[in-house]
S.K.: 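Dropping the structure in here first, questions after.
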Amino acid sequence: MGNERIEDFFKHELLPVSRKVKEIRKAYFANDFDETAPSYFVNRMKISMNKDDFENGAVSGPNNFEKQLESLWMSQSQYELITLKASLADLAKSLIVTEELDEDVSPFIYVMF
Amino acid sequence: MSKTVLGISAFYHDSAAAIVRDGEIVAAAQEERFTRRKHDPRFPKNAINYCLEEAFIEPSELDTIVFYDHPLLTWDRVLKSCISIGERSKEQFTKACASVLGIKIWVQDLVRESLGSLGKLDKLLVTEHHMAHAASAFYPSPFESAAILTLDGVGEWATTTVGMGEGREIQLLQEIDYPHSLGLFYSAFTYYCGFKVNSGEYKLMGLAPYGEPTYYDLIRKNLIDVKTDGSYRLNTEYFGYLHSLRMTNERFETLFGGPPRNSESRITLREINLAASVQKVTEEVVVLLVRHARKKTGCDKLVMAGGVALNCVANGKICRENIFDDIWIQPAAGDAGGALGAALLVSHNYFGIPRCVRDDGRDSQKGSYLGPRFQPQEISAFLERNSYPYERVISLENRTRIIAQAIAEGKIVGFFSGRMEFGPRALGARSILGDPRRKETQSVMNLKIKHRESFRPFAPSVLLEDCSEYFELDSESPYMLIVAPVREERRLPTDLRQALRNGVDILNVVNEPRSDLPAVTHVDYSARIQTVNPYDHPDYYRVIRAFKDISGYGVVVNTSFNVRGEPIVCSPSDAYRCFMRTEMDLLVLEDCLVWKRMQPESHHDSTWQTEFELD
């Protein structure tokens, strides 16, 4: 059931956004070298954490998740993603699982990549 | 007003918990030690329980709980990566959804449910992943101010950061973002050479000295572009991790002449030279980054954390380059250390607790002996209950002499003493010890104790004051994080590289002596050194001192107390089980001495081979 919903989201929500992003030639990150750049470092806009940064990171419930996604993407001017917020919150709600402590290999090991 | 903070890291690999009270580290431990599953990434319920017990505190009495990573930003990265890749990212997206959206996003609810409370703040705090790494490196260091360099696989977006710390403030000034990652770059070669990602990087590093960097130019030309300030970018066309569950892809395979090595197959000259090549590139990048950190911050001290900071060969190179006056590296540099860093960051940054740097120039990591300890009475009760024969030697002097004598006679000793180490290295609290002078020690420890064939030599624990007699190292290395050369006058001539070029199997040359400390001297005459001072673990220091009185050598072989694929032992029960599964001669459980020859035959056990997945 979970995989079906993920596949459904992937096909009907993510891929259209992916195509749109490619159409407008927007890239979230570079994939190859830039011989002309003097440095690949990005200067951080936020160099330290304040109280709000510590307090506002945790997600509490799907509604809150949707609002936080919107707020994040608005702040980044990445408006093309905002259409995904409601369906992502629904998807997340449907996927909430209790961690299985007896599994030999946790599925969460794959998150790194 | 006293502030107690619980830090948690979980859901990547090596989950852990740590408790900090008023800026002082009270306890820290990795979940794998309790669950007995290596690199256990699951919610660290057992490690949390231990930390709470050590701090004598209930969850509701905690001032706050902090998670070491920002789940929303992690999801932002996963989603944007999949959108960028498109159709080919389906497998990746399916896995990531289940893990990130299925549980990581809801970590606050999970903590509340698991502990019954979120502490007095009634809210889970979160830190940025690399802020937690930076905090784990800076706050316990002995420096009032320092440049900070963090390097790992990936956090939320950042993979590399440069910053500085001063007093209780930490600033991260610059970063390099996913998918460009020195950690993932190294892991890709780890995978390709047939070792496990997230644990086999150490093997790749150990393999490198056998080879020649013949692939260096190919790697630099095709895979990674490095600027003069050490910043770098990968050519993602060669890597599989953006769109699959593999680290490399067909293009990578074509570049290096074939598919990845199967994990248990023979290591060929290709893997050996690839290891040498990627290690050379990594060292070059790290040294450039360190130079940049010096220039950018103006600081004369450096602290480091993140998984790449466990590359002790690169660390040794940084030391020898003399770019900074002094360097301190968090011993739990990987994700486990994120729990500690997050708790320290909240203590100093959120609660404003002043940071106190010690007057004596030593760090605040307490030797990284931050885990559980077992009282002698508990241990003797355990042995009595199970009718395991032992002798109790309460006199420290007598006990130390017996242990040292056993080592000098070539016996292999399991040494279980004091609080368990936090971090991947055994530092004398959960260690197996041997005689470094004997040619056979390495093969005996490998085959009869660790149950493996290994091309890696063991590490030496050397008395701090004697270090320069054996090794070309001017600084302390209490956490086994620096590789340095064995002194030239101690070396024996060998021509192993030529033998390898002639097609001789690596395992046929690995046990050839290369110095008067054959068990700890690598093929390039290097050693991964732990300096032992009299303060952090006095009992361990005394054992080495007593061994010196007998043998004239202030060095012992130190390897982690486990068999292949097993987490380092935590409890006396774990230690006894491991002892009986191997050909160790003596098990020291605090003041109880357990001799193998006295144990009943029925307890000898070889089931470990099916219990632990080989690493």
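To find a chain, count down the sequence lines: A is the first, B the second, and so on, and within it residues start at 1. Since we're looking at a predicted model, the values are computed, not measured.
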S.K.: For B/L223, which atoms come within 4.5 Å of any heavy atom of chain A: side chain, backbone, both, or neither?
M.R.: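 Contact with chain A is through the backbone of B/L223 alone.
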
S.K.: With chain A as the partner, which of B/D109, B/D225, B/L125 has the greatest number of non-hydrogen pairs under 4.5 Å?
M.R.: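 Result: the option with the highest number of such pairs is B/D225.
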
S.K.: Counting only non-hydrogen atoms closer than 4.5 Å, does A/N50 touch chain B with its backbone (N, CA, C, O), its side chain (CB onward), both, or neither?
M.R.: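 It is neither, since no heavy atom gets under 4.5 Å.
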
S.K.: Check the surroundings of atom CD in B/E166: do more than 12 heavy atoms from other residues, nucleotides or ligands lie under 6.0 Å from it?
M.R.: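 No, the 6.0 Å shell around CD holds no more than 12 heavy atoms from other groups.
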
S.K.: I need the residue from A/L72, A/L69, A/N56 with the largest number of non-hydrogen atom pairs under 4.5 Å to chain B.
M.R.: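 Heavy-atom pairs under 4.5 Å are most numerous for A/L72.
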
S.K.: For A/V21, is it the side chain, the backbone, both or neither that has a heavy atom under 4.5 Å from a heavy atom of chain B?
M.R.: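 Side chain of A/V21 only, per the 4.5 Å heavy-atom cut-off to chain B.
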
S.K.: Shorter than 4.5 Å, heavy atoms on both sides: which option in A/P38, A/S48, A/A30 has the most such pairs with chain B?
M.R.: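 Option with the greatest count: A/A30.
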
S.K.: Identify which of B/T228, B/L79, B/T35, B/L121 forms the greatest number of heavy-atom pairs closer than 4.5 Å to chain A.
M.R.: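 Looking at each option in turn, the highest pair count goes to B/L79.
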
S.K.: Between B/T159, B/T161, B/D152, which is the residue that forms a side-chain hydrogen bond (donor to acceptor under 3.5 Å, both in side chains) with B/H129?
M.R.: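 Result for side-chain hydrogen bond (donor to acceptor under 3.5 Å, both in side chains) with B/H129: B/D152.
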
S.K.: Taking side chain as everything from C-beta outward and backbone as N, CA, C, O, which of these in B/S89 sits under 4.5 Å from a heavy atom of chain A? Side chain, backbone, both or neither.
M.R.: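 When you check distances to chain A, atoms from both the backbone and side chain of B/S89 fall under 4.5 Å.
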
S.K.: Under 30°, 30 to 60°, or over 60°: which ring-plane class applies to B/Y12 and B/Y68, parallel, tilted or perpendicular?
M.R.: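 Ring orientation, 0 to 90° scale: perpendicular.
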
S.K.: Which bit of B/V162 is near chain A, if near means a heavy-atom gap under 4.5 Å: side chain, backbone, both or neither?
M.R.: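 The side chain, not the backbone.
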
S.K.: Is A/N43 in contact with chain B via its backbone, its side chain, both, or neither, using a 4.5 Å heavy-atom distance?
M.R.: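 Contact with chain B involves both backbone and side-chain atoms of A/N43.
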
S.K.: When heavy-atom pairs shorter than 4.5 Å are enumerated against chain B, which of A/S60, A/G57, A/G61, A/P62 gives the highest number?
M.R.: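 Of A/S60, A/G57, A/G61, A/P62, A/G57 has the most heavy-atom pairs under 4.5 Å with chain B.
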
S.K.: In terms of heavy-atom proximity below 4.5 Å to chain A, should B/I170 be classed as side chain, backbone, both, or neither?
M.R.: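 The answer is the backbone of B/I170.
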
S.K.: Can you tell which part of A/K11 gets under 4.5 Å to a heavy atom of chain B, answering side chain, backbone, both or neither?
M.R.: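 When you check distances to chain B, no heavy atom of A/K11 falls under 4.5 Å.
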
S.K.: With a 4.5 angstrom heavy-atom cut-off, could you sort out which part of B/N222 is near chain A: side chain, backbone, both or neither?
M.R.: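 For B/N222, the contact with chain A is made by the backbone alone.
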
S.K.: What do you reckon, is NZ of A/K93 surrounded by more than 12 foreign heavy atoms closer than 6.0 Å?
M.R.: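 Counting neighbours around NZ of A/K93, 12 or fewer heavy atoms of other residues, nucleotides or ligands fall under 6.0 Å, so no.
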
S.K.: Is B/R168 close to B/F351 at the side-chain level, that is, under 4.5 Å between some pair of heavy atoms?
M.R.: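 Result no, sub-4.5 Å side-chain heavy-atom pair not found.
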
S.K.: Less than 4.5 Å apart, side chain to side chain, heavy atoms only: is that true for B/P71 and B/V126?
M.R.: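 When only atoms from C-beta onward are counted, B/V126 and B/P71 do touch, with a gap below 4.5 Å.
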
S.K.: Tell me whether the rings of B/F93 and A/F10 are parallel (<30°), tilted (30 to 60°) or perpendicular (>60°).
M.R.: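 The arrangement is tilted - the two ring planes meet at 30° to 60°.
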
S.K.: Under 4.5 Å heavy-atom distance to chain B, tell me which part of A/F41 shows up: side chain, backbone, both or neither.
M.R.: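 Contact with chain B: backbone and side chain both.
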
S.K.: Is it the side chain or the backbone of B/E169 that comes within 4.5 Å of chain A heavy atoms, both, or neither?
M.R.: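 It is neither, since no heavy atom gets under 4.5 Å.
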
S.K.: Apply the test side chain to side chain donor-acceptor pair (under 3.5 Å) to residues B/T160 and B/Y232: give CA-CA distance (whole Å), side-chain angles for both, the deciding distance (0.1 Å), then the verdict.
M.R.: CA-CA 10 Å; B/T160 301; B/Y232 59 87; 2.6 Å; yes

S.K.: Quick check for you: among B/I176, B/I105, B/V66, which has the greatest number of heavy-atom pairs under 4.5 Å with chain A?
M.R.: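 That would be B/I105.
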
S.K.: Relative to chain B, which of A/E35, A/R44, A/R19, A/K22 shows the most heavy atom pairs under 4.5 Å?
M.R.: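 Counting heavy-atom pairs under 4.5 Å, the top option is A/R44.
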
S.K.: Inspect the contact between B/D40 and B/R42 and indicate whether a charged nitrogen and a carboxylate oxygen are less than 4.0 angstrom apart.
M.R.: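 Yes, this pair counts.
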
S.K.: Measure distances from B/K123 to the heavy atoms of chain A and classify the residue's part below 4.5 Å as side chain, backbone, both or neither.
M.R.: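 For B/K123, the side chain is the part near chain A, not the backbone.
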
S.K.: Considering only NZ, NE, NH1 and NH2 on the basic side and carboxylate oxygens on the acidic side, decide whether A/E80 and A/K20 come within less than 4.0 Å.
M.R.: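 Between A/K20 and A/E80 there is no salt bridge, as every charged N stays at least 4.0 Å from the carboxylate O atoms.
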
S.K.: Check whether more than 12 heavy atoms from other residues, nucleotides or ligands sit under 6.0 Å from atom NZ of B/K80, and answer yes or no.
M.R.: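 Atom NZ in B/K80 is packed in, count exceeds 12.
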
S.K.: Looking at A/K46, A/M45, A/M49, which makes the most heavy-atom pairs under 4.5 Å with chain B?
M.R.: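 Going by pairs under 4.5 Å, I would pick A/M49.
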
S.K.: Would you compute the distance between atom CG of A/L88 and atom CG of A/L95 and round it to the nearest 0.5 angstrom?
M.R.: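 The distance works out to 10.0 Å.
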
